[in-house]
Asker: 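Following this message is one structure expressed as structure tokens.
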Amino acid sequence: MLRLLVKKQLMEINASFFINKKNGKKKSKTSTILSIVGFGMVMIGILGGIFTGLSNLLCVPFCSLGLDWLYFVYMALIAIVLGIFGSVFNTYASLYQAKDNEMLMVFPIPARTILCSRLVSVYLMGLMYSGVVFIPAILIHAIHYGISLGPIVMLVNISLIVFVLSCVLGYGVAQIAAHTKNRSAIKVLASLGFIAAYYYVYFKAVNSMEEILSNPELLAKGVQGIVPLIIFGKAGTGDIGSMCIVTMLSMGLTILSYLILEHNFFTLVQKSKIRVVSTKKVKNTVQKSVSQALLTKEFGRFTSSANYMLNCGLGSLVLVILGIVFLFKGQYAMEILKEVFKMENIESLAFIASTCMAIGMIDITAPSISLEGKNIWILKSLPVDTWQVLLAKLKVQWYVSGIPFFFAWICFLFVAKLNVFMMGMTLLIPVAFIVVNSCVGLVINLIKPNLTWVDEINVIKQSLGVLFTMLINVIFILVMAGLYFIIGYQFSVIYLLIWMIFFIGLSIGLFVWLKNKGVRCFEQL
Amino acid sequence: MLRIEHLSKTYENKKAVNDLSLHIAPKEIYGFIGHNGAGKTTTLKSVVGILEFEQGEIFIHGHSIKKEPLICKNEIAYIPDNPDLYEFMTGMQYLNFVADIFKVGIEERKVRIQKYAEILELSAALNDSISSYSHGMKQKLTIISAWIHEPKLIIMDEPFVGLDPKASHLLKEMMKEFCHQGGAIFFSTHVLEVAEKLCDKIAIIKNGNLIVSGTMEEVKGDASLEEVFLELEE
């Protein structure tokens with residue numbers, strides 16, 4: 001039975017790669033190959049490449065000093081960060097809110113079997129993201145020091161830790177959601193609280209490692225706080241005792257998590273289905289224009305889903321944090337940047353690159369067409385210009401990106417002494433990038449929509465459109481920053497001007513595409 | 001009011017609707033019946049502009065749905081077979097959304113929402129989230145949203161599915177009243193007794209082809225509609 005359910009889960013993932021959502025038929029070979037190559041490029045080429053480079057940079061220096069364990073701890077922590085980021089937000093939705101939960105519970109299937117099948121995909125998602133970091137670390141270590149069992153066992157343990165943390169959050173959110181009214185907001189707050197707590201622990205661990213590197217005598221003294229880190233890292237080096245302790249702990253926590261989830265899985269699924277009645281007070285109705293009505297509807301969709309807000313809007317929070325960081329640490333950071341790089345306008349480039357990176361994390365438009373799902377008939381049967389529909393989707397992203405960006409920009413201006421031209425550049429390039437980013441997401445989703453999803457997390461997090469949008473954004477920023485260091489710094493003013501013109505030109509091009517072909521694509525859905 | 005001329009729609013290699021022509025005049029309730037997969041929903045979706053079709057034309061009040069979709073959509077309302085609505089909205093928010101799109105004034109919409117919500121006994125649930133609605137409640141909400149802008153033509157796909165007997169009765173009364181005031185209704189149904197009692201005209205479709213159409217008397221004569229339908233289906 002479990003195999004059957006897991007197969008069904010995998011079929012859904014498989015369908016996103018190999019099935020054409022518009023006609024339900026198998027994709028052409030070219031389209032399938034392109035999907036696989038695209039996915040491979042993101043996961044192996046870009047992410048894998050980055051972490052292979054990082055592993056290569058750290059492995060020999062650490063291991064030659066006899067700090068193999070520190071190398072593994074360092075890579076493991078990054079792997080856990082990425083694994084958490086990849087799977088943590090979708091656990092609640094995958095376990096408790098899958099649309100087919102009710103249907104499956106009608107069948108003579110034990111609740112624990114349904115739970116297990118769901119947990120398999122949560123585990124695989126965490127494994128995939130943590131593996132992207134840790135497999136290169138294993139390979140680089142194997143190239144220099146030969147293959148050993150330790151790193152492989154450590155990968156299994158890392159995947160289990162990611163799994164346990166994902167389950168803890170998923171369960172916590174389900175419990176809170178079952179007892180509260182404003183569920184989306186609570187889910188977002190709970191998730192953010194968890195992430196904040198997690199990053200606090202992460203940065204504490206990184207600080208401890210930096211302390212070890214700067215004061216090696218701490219190791220000799222065996223400072224208590226770092227003992228767990230040493231045991232964790234030594235498991236990667238093949239130390240039998242450490243391997244046993246870490247494996248037993250991670251296995252134990254996994255079993256414990258499963259038992260807790262199993263204990264009231266059925267009850268929580270039921271509670272997540274029961275909707276709160278009469279939650280909204282009747283306000284005085286105000287007549288809205290068509291565009292206002294559509295915009296309100298799009299904002300309603302965005303704010304109604306914790307998954308949507310967390311996965312596609314988290315960048316807005318990052319922009320606010322960046323603004324605060326600029327305000328309090330900006331002066332210090334700028335002095336260091338100028339000292340290290342000795343390049344003209346480096347602070348402006350750093351501001352543009354960091355804000356664009358955060359803007360790139362906001363991809364509200366990327367799943368917005370797919371999220372219409374079975375409701376698409378409403379917009380198609382109403383007398384609204386299709387362009388207005390698309391524009392409303394773009395505007396949500398503009399507001400969610402633009403307002404926090406503006407805050408970050410004002411904060412930056414307080415600490416950076418810029419001339420008028422640079423003030424303009426630091427404003428216009430990210431603003432143009434906001435438009436480009438929103439249009440890219442919408443274009444990809446119009447070309448590759450999925451209106452037949454079972455769980456909204458499939459389109460919010462696991463769709464190719466979202467991955468491609470993020471990939472394109474990362475490429476833009478890497479190219480912009482990379483070229484600056486290679487050649488751009490020599491004529492930084494013109495360099496930034498070229499990028500501004502490029503982004504404005506690109507956004508005009510994408511706008512024209514959306515107004516013509518994009519509208520046609522939507523009408524043919 | 002509605003003129004369908006030589007409509008043809010093909011999915012991949014399968015002809016869903018083949019050279020279908022119909023004319024629905026004001027004040028008419030026009031029933032559309034056929035077996036599952038006969039092409040009823042395809043025809044209705046083509047009429048409301050959700051589905052593109054390769055051959056033929058559809059005119060609403062003289063305007064082509066292909067060339068002037070917005071003008072046509074302003075005149076019509078559509079009730080689908082499965083009321084998939086925005087579950088993140090309350091019933092009232094959804095009605096206001098539709099009213100905003102159709103530019104219905106505040107006072108007018110208040111009066112209409114109150115009137116139809118009372119008729120369909122949905123007033124108490126209008127401020128609840130749509131996600132808490134039963135199938136029948138969603139169907140009622142779709143019906144109110146269809147009536148909110150006082151369209152000239154209402155297209156309904158299996159409108160009685162999911163409604164309790166009282167709501168079905170009330171909907172039939174609303175349909176009669178709507179046509180009495182000059183509107184026209186084109187709807188599909190599997191409930192032949194309802195079609196027989198309610199419709200002025202009827203069309204039977206089989207495998208995408210229109211088999212027969214006309215007034216109820218012309219189509220069924222002295223026999224029952226069920227007998228005629230089963231005979232034609234064979």
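These numbers come from the heavy atoms of this one structure, side chains and all, not from hydrogens, waters or symmetry mates. Being a predicted model, the structure only gives us computed values, none of them experimental.
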Asker: What heavy-atom pair brings A:P383 and B:I101 nearest, and what distance separates the two atoms?
Answerer: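 Smallest heavy-atom distance, with atoms named: CD-CG2, 3.9 Å.
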Asker: Is it the case that the side chain of A:W377 and the backbone of B:L85 share a donor-acceptor pair, with hydrogens and angles ignored and the cut-off at 3.5 Å?
Answerer: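 No, A:W377 side chain to B:L85 backbone: no donor-acceptor pair under 3.5 Å.
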Asker: Could you list which of residues 42-57 of chain B have a heavy atom closer than 4.5 Å to any heavy atom of chain A, in residue-number order?
Answerer: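 Answer by number: B:V48, B:G49, B:I50, B:E52.
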Asker: Report the distance from atom OG of A:S381 to atom CD1 of B:I155, rounding to the nearest 0.5 Å.
Answerer: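 Reported value, rounded in 0.5 Å steps: 11.0 Å.
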Asker: Below 4.5 Å from any heavy atom of chain A, which atoms of B:N74 appear? Answer side chain, backbone, both or neither.
Answerer: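 Both backbone and side chain of B:N74 come within 4.5 Å of chain A.
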Asker: Sort out for me which of A:I378, A:L379, A:V384 touches chain B most, counting heavy-atom pairs under 4.5 Å.
Answerer: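 Answer, by heavy-atom pair count under 4.5 Å with chain B: A:I378.
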Asker: Is there side-chain contact between B:K103 and A:V290, with at least one heavy-atom pair below 4.5 Å?
Answerer: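 With C-beta onward as the side chain, the pair touches.
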Asker: Within a 6.0 Å radius of atom CZ on A:F299, are there more than 12 heavy atoms belonging to other residues, nucleotides or ligands?
Answerer: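 Counting other residues, nucleotides and ligands, CZ of A:F299 exceeds 12 neighbours.
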Asker: Could you tell me whether a side-chain N or O of B:D100 sits under 3.5 Å from a main-chain N or O of A:K288, the two making a donor and an acceptor?
Answerer: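 It does hold such a pair.
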Asker: Please lay out, stage by stage, how B:Q93 and A:K297 fare under the test side-chain contact (heavy atoms from CB on, under 4.5 Å).
Answerer: CA-CA 9 Å; B:Q93 282 172 333; A:K297 175 238 157 201; over 6 Å; no
Asker: Donor-acceptor pair, distance only, cut-off 3.5 Å: does the side chain of B:K73 make one with the backbone of A:K380?
Answerer: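 Checking the backbone N and O of A:K380 against the side chain of B:K73, a donor-acceptor pair under 3.5 Å is found.
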Asker: For B:K172, is the NZ atom crowded, meaning more than 12 foreign heavy atoms sit under 6.0 Å from it?
Answerer: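 Counting neighbours around NZ of B:K172, more than 12 heavy atoms of other residues, nucleotides or ligands fall under 6.0 Å, so yes.
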Asker: Just checking heavy atoms, which of residues 142-154 of chain B are less than 4.5 Å from chain A?
Answerer: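 Expected list: B:T142.
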Asker: So for B:Y94, is it side chain, backbone, both, or neither that comes closer than 4.5 Å to the heavy atoms of chain A?
Answerer: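 The answer is the side chain of B:Y94.
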Asker: Does a side-chain heavy-atom distance below 4.5 Å link B:R109 with A:Q287?
Answerer: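 B:R109 vs A:Q287: side chains touch.
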Asker: Using every non-hydrogen atom in the two residues, find where A:V286 and B:I106 come nearest and quote the distance to one decimal.
Answerer: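 Minimum heavy-atom contact is C-CD1, 3.6 Å.
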Asker: Below 4.5 Å from any heavy atom of chain B, which atoms of A:L294 appear? Answer side chain, backbone, both or neither.
Answerer: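 The answer is both parts of A:L294.
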Asker: Could you look at A:Q292 and say if it's the side chain, the backbone, both or neither that has a heavy atom under 4.5 Å from chain B?
Answerer: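 Answer is neither: A:Q292 stays 4.5 Å or more from chain B.
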Asker: If you tally heavy-atom pairs under 4.5 Å against chain A, which of B:F97, B:Y86, B:F102 wins?
Answerer: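 Among B:F97, B:Y86, B:F102, the one with the most close pairs to chain A is B:Y86.
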Asker: State the CG-CZ distance between A:N375 and B:F88, to the nearest 0.5 angstrom.
Answerer: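 Between atom CG of A:N375 and atom CZ of B:F88 there are 7.5 Å.
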